[in-house]
Number of protein chains: 4
Amino acid sequence: MSKPDKREEIVRAALEIIAEHGFHGAPMALIADRAGVGAGTIYRYFENKDVLITELYRELEERIYPVITEGYSEVKAFRERFLHLGTALLKYFINNPLDFRYLEQFHNSPYGVAFRRDRLLGEKEGCDVYRELFDEGIAQQVLKDVPLPIHFALAFGPLLSVARDHILGFITLDDLIIARTIEACWDAVRR
Amino acid sequence: MSKPDKREEIVRAALEIIAEHGFHGAPMALIADRAGVGAGTIYRYFENKDVLITELYRELEERIYPVITEGYSEVKAFRERFLHLGTALLKYFINNPLDFRYLEQFHNSPYGVAFRRDRLLGEKEGCDVYRELFDEGIAQQVLKDVPLPIHFALAFGPLLSVARDHILGFITLDDLIIARTIEACWDAVRR
Amino acid sequence: MSKPDKREEIVRAALEIIAEHGFHGAPMALIADRAGVGAGTIYRYFENKDVLITELYRELEERIYPVITEGYSEVKAFRERFLHLGTALLKYFINNPLDFRYLEQFHNSPYGVAFRRDRLLGEKEGCDVYRELFDEGIAQQVLKDVPLPIHFALAFGPLLSVARDHILGFITLDDLIIARTIEACWDAVRR
Amino acid sequence: MSKPDKREEIVRAALEIIAEHGFHGAPMALIADRAGVGAGTIYRYFENKDVLITELYRELEERIYPVITEGYSEVKAFRERFLHLGTALLKYFINNPLDFRYLEQFHNSPYGVAFRRDRLLGEKEGCDVYRELFDEGIAQQVLKDVPLPIHFALAFGPLLSVARDHILGFITLDDLIIARTIEACWDAVRR
DNA sequence: GATGAATGAGCGTTCATTCAT
DNA sequence: CATGAATGAACGCTCATTCAT
């Protein structure tokens with residue numbers, strides 16, 4: 001197993017175990033085991049558990065981005081673009097429940113809060129397609145006159161909630177319901 | 001300090017610490033300290049940490065209910081009732097950030113999932129005003145034709161997200177923004 | 001409930017619980033509960049748990065003595081007396097399994113060792129019928145020429161072992177087997 | 001210190017402390033200390049305290065067996081074989097008082113009872129020399145006509161009692177007394 | 001005298017991290 | 001580089017004992 005391979009295995013193992021059992025149900029020794037490496041090896045690639053967790057988050061973001069933006073064109077109508085990005089994200093979550101559950105764990109934790117604070121304040125790079133789209137929508141007065149974070153909430157709030165319910169088995173989403181949900185989000189944000 | 005006082009102090013301390021640091025950042029010894037009682041004392045009132053956590057959740061629910069429903073009248077127009085309940089809940093969260101953060105911690109944890117499963121399947125009692133309202137709205141075709149959990153997501157998803165952002169200091173809500181946010185949620189669910 | 005009653009209830013409860021679950025499976029609070037008294041009340045009658053345990057032992061000894069010696073006559077033949085005392089003790093244990101298990105717990109513990117040391121060294125009073133009988137047997141050369149403790153071992157060792165097996169359900173004793181067992185013990189000690 | 005060394009040290013420390021103070025007088029931390037290892041280290045070798053206790057018991061059994069059976073020959077006369085096994089066991093106990101006291105603690109505890117039940121019912125392997133010897137003696141009518149457990153009681157009961165007395169300093173055994181004691185046991189079991 | 005709520009030392013156990021090999 | 005045995009601080013929880021009522 002070559003060096004980058006080990007790193008990858010560690011990240012994969014961490015994703016699986018943390019998504020399923022949470023940060024505190026994921027001992028480093030178990031992650032190492034599942035990754036097929038020694039416990040000490042993790043510390044060659046990640047300074048400590050916190051770094052591993054944060055790094056994994058960043059990798060997930062990067063993995064999602066190209067999937068979301070596939071077929072996305074900035075020349076399409078605004079509404080269409082909104083629906084595209086919403087639908088793509090929701091479907092990504094449904095198809096990658098481990099990723100979703102990890103992201104949820106992360107957001108709902110001290111890690112996530114600190115991360116988000118950096119994002120908002122430091123203007124670090126993120127899933128900026130969304131930001132650009134909303135900024136444009138506000139500028140063009142297609143979207144309601146509320147601050148950006150409210151729009152994020154109106155769009156992503158239901159989306160995450162619906163994804164969670166689906167993954168936990170409380171509802172079963174199909175294409176029709178997905179479409180109606182995203183359109184409802186559109187009703188929320190549009191003027 | 002009288003008997004019920006101690007229980008109350010324990011509950012208060014647990015709320016504070018868990019809201020701030022999560023379940024795993026809240027050792028029983030620290031809760032006891034903050035409550036001004038001995039470590040063993042907690043176990044006179046709560047069988048174990050899990051029970052304390054679940055019980056605290058239930059108490060919060062009970063505390064919230066009357067506040068939410070104050071001034072709520074079933075004879076008012078549907079839209080008005082929706083706005084009332086949404087606004088009341090959001091304001092409650094803003095005014096009681098510890099409660100909000102605790103509820104978030106709870107929902108995003110095995111406790112919360114199990115709890116919710118019971119709610120959905122067992123039809124246990126809960127914040128049923130919401131359920132009744134949505135059921136009525138669907139029946140009367142005031143609301144969009146999507147399953148109940150989708151409506152919950154469309155209404156509560158943004159609300160929780162907005163409350164979180166406010167409490168974490170990412171935005172500052174005022175009455176106007178609150179009103180616009182809830183109205184946007186109304187746009188999402190209404191036909 | 002009058003004062004001596006409470007003491008009696010405590011002793012009874014302690015016997016039951018300790019016999020069943022051992023010293024460490026018998027919290028004072030549980031004993032108090034079973035006795036129908038407050039936890040603090042035990043300390044009015046017994047200085048601490050150790051004293052309760054030792055006191056209970058002494059009471060059992062006193063309870064056993066008259067049962068054992070009933071119908072016992074020092075004028076009967078030596079062998080007959082031996083068989084009487086052996087049979088009586090074994091039957092007592094079988095009929096009072098709680099007593100037996102308590103005594104076993106006690107003997108096999110620091111308490112028991114200290115107690116026995118006092119007995120042997122300090123010549124404190126005990127179940128002296130046995131001692132007198134064996135002393136006489138040795139003096140009269142009816143018994144083998146080995147020290148007194150060896151005789152105790154030869155007589156009581158099998159007896160306790162057999163009682164334990166019966167109480168634990170490994171064997172079922174009847175009058176015939178009991179008789180044969182005690183006679184075998186007689187073969188062991190007699191010249 | 002190499003790996004098996006640590007395990008050995010832990011086992012030795014556990015034997016010492018438990019033999020001296022009983023299971024409940026032997027905190028894991030103390031065992032670790034005495035073994036010269038960290039508290040957590042014990043758990044690398046033994047899943048938990050119960051497993052350590054049971055494992056230690058098994059090791060003692062295995063340690064004893066070859067000592068007992070040294071010079072034992074199945075072709076010798078029955079009486080001689082009985083005396084050999086009895087004497088060997090008693091001497092082993094005298095020479096290894098820690099082993100003896102540990103075994104006593106074990107037998108007189110839930111562990112021991114469960115263990116023995118398995119032995120009797122499940123026909124698991126154990127110190128089967130004894131069983132075979134007694135079975136043969138019963139079959140050949142050399143031994144009295146009583147069930148096997150009675151024979152065990154008649155032979156081991158006094159033996160354990162005598163060993164205990166010696167180890168606690170209540171008597172001092174020498175070869176003569178040992179021989180007489182075992183011969184007395186022989187008188188007990190033989191027809 | 002009787003109570004039982006309160007205590008806190010002490011237990012068995014876990015796990016992030018280190019470091020000799 | 002990689003390992004995994006070793007660590008020990010920290011956890012949740014128990015229970016003998018005390019003392020205000």
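Letters A, B, ... are given to chains in the order of the sequence lines, protein chains preceding strands, and every chain is numbered from 1. Worth knowing before you read on, the calculation uses all heavy atoms, side chains too, and leaves out hydrogens, waters and symmetry mates.
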(message) Output the rounded distance in Å from CD1 (D:Ile42) to C1' (F:dT7).
(response) 12 Å
(message) The criterion is side chain to side chain contact (heavy atoms under 4.5 Å, CB included); which residues satisfy it with A:Arg44, sequence neighbours excluded?
(response) none
(message) Under the rule for side-chain hydrogen bond (donor to acceptor under 3.5 Å, both in side chains), what residues qualify as partners of B:Asn96, not counting sequence neighbours?
(response) none
(request) Return the set of residues passing side-chain hydrogen bond (donor to acceptor under 3.5 Å, both in side chains) with A:Asn48 (not counting sequence neighbours), or none when no residue passes. (result) none
(request) Quickly work out the A:Arg34 CZ to F:dG4 P distance and round it to whole Å. (result) 18 Å
(request) State, with a plain yes or no, whether a side-chain heavy atom of D:Thr54 is found less than 4.5 Å away from one of D:Phe115. (result) yes
(message) Going by side chain to side chain contact (heavy atoms under 4.5 Å, CB included), name the residues that satisfy it together with C:Ala13, two or more places apart in sequence or in a different chain.
(response) C:Ile31, C:Arg34, C:Ala35
(request) Give a yes/no on whether any side-chain N or O of B:Arg44 is located under 4.0 angstrom from OP1 or OP2 of E:dA5. (result) yes
(request) Considering only NZ, NE, NH1 and NH2 on the basic side and carboxylate oxygens on the acidic side, decide whether A:Arg101 and A:Glu16 come within less than 4.0 Å. (result) no
(request) Run the ring-centre check on A:Tyr111 versus A:Tyr57 and record whether the distance is less than 6.0 Å. (result) no
(message) Expressed as a whole number of angstroms, how long is the span from D:Asp33:CG to E:dC11:P?
(response) 11 Å
(request) Check the distance between E:dC11's C1' and D:Ile17's CD1 and give it to me in whole angstrom. (result) 15 Å
(request) Treat a base pair as Watson-Crick or G-U wobble with both distances under 3.5 Å, then lay out DNA chain E in dot-bracket form, 5' to 3', with | for cross-strand pairs. (result) .||||||||||||||||||||
(request) Look at B:Glu9 together with B:Arg12 and state whether they make a salt bridge at an N to O cut-off of under 4.0 Å. (result) yes
(message) For the aromatic rings, using the six-membered ring if either is Trp, is the centroid distance between C:His107 and C:Tyr102 under 6.0 Å?
(response) no
(message) Can you tell me if A:Tyr45 touches the phosphate of F:dA2, counting only side-chain N or O atoms and a distance under 4.0 Å to OP1 or OP2?
(response) yes
(request) Round to a whole Å and report the spacing from CD1 of D:Ile53 to C1' of E:dG12. (result) 11 Å
(request) Give a yes/no on whether any side-chain N or O of C:Lys6 is located under 4.0 angstrom from OP1 or OP2 of E:dT3. (result) yes
(message) I'd like to compare against my own output: the B/S/- annotation of nucleotides 15-21 of chain E with a strict under-4.0 Å heavy-atom distance to protein.
(response) SSBB---
(request) Report the distance from atom CD1 of C:Ile18 to atom C1' of F:dC15, rounded to the nearest whole Å. (result) 14 Å
